[in-house]
Amino acid sequence: MNVALVLLTTALAVVVAVLAAVGAGKLARLNGATYPTALTHAATAFTAVLTLAVTAAGAFAALLT
């Protein structure tokens with residue numbers, strides 16, 4: 001049960017990160033950025049969301065144990 005919960009939570013975090021990256025890339029392209037610049041913005045957003053998710057999970061784990 002715990003393994004399934006961890007896998008589902010991880011999948012949800014990755015999906016949210018991908019959606020944020022797509023949004024950031026699209027907004028960068030609409031703002032007139034080149035494709036490499038838009039890809040850089042998307043990668044930065046993806047990394048930031050995953051980092052935030054890992055940090056929050058670590059904080060919650062420390063509080064719950």
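These numbers come from the heavy atoms of this one structure, side chains and all, not from hydrogens, waters or symmetry mates. Each residue takes its place number in the sequence, starting with 1. Fair warning: this is a prediction, and the values are worked out from it, not measured in the lab.
- Hydrophobic cluster membership for Leu7: Val3 (Ile, Leu, Val, Met, Phe, Trp, Tyr linked by side-chain heavy atoms under 4.5 Å, directly or transitively).
- Taking the side chain to side chain donor-acceptor pair (under 3.5 Å) definition, one finds that Thr37 meets it with Thr34, sequence neighbours left out.
- Its side chain outside the 4.5 Å cluster rule for every partner, Leu5 clusters with none of the Ile, Leu, Val, Met, Phe, Trp and Tyr residues.
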Under 3.5 Å, sequence neighbours excluded: what are the donor-acceptor pairs made by side chains of residues 42-65?
from: Thr44; atom 1: OG1; to: Thr40; atom 2: O; distance (Å): 2.8
from: Thr47; atom 1: OG1; to: Ala43; atom 2: O; distance (Å): 2.9
from: Thr51; atom 1: OG1; to: Thr47; atom 2: O; distance (Å): 2.7
from: Thr55; atom 1: OG1; to: Thr51; atom 2: O; distance (Å): 2.8
from: Thr65; atom 1: OG1; to: Ala61; atom 2: O; distance (Å): 2.9

Identify all side-chain donor-acceptor contacts of residues 13-27 below 3.5 Å with residues at least two apart in sequence or on another chain.
none

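- Every side-chain contact (heavy atoms from CB on, under 4.5 Å) that Ala28 has, sequence neighbours left out, goes to Ala33, Ala38, His41.
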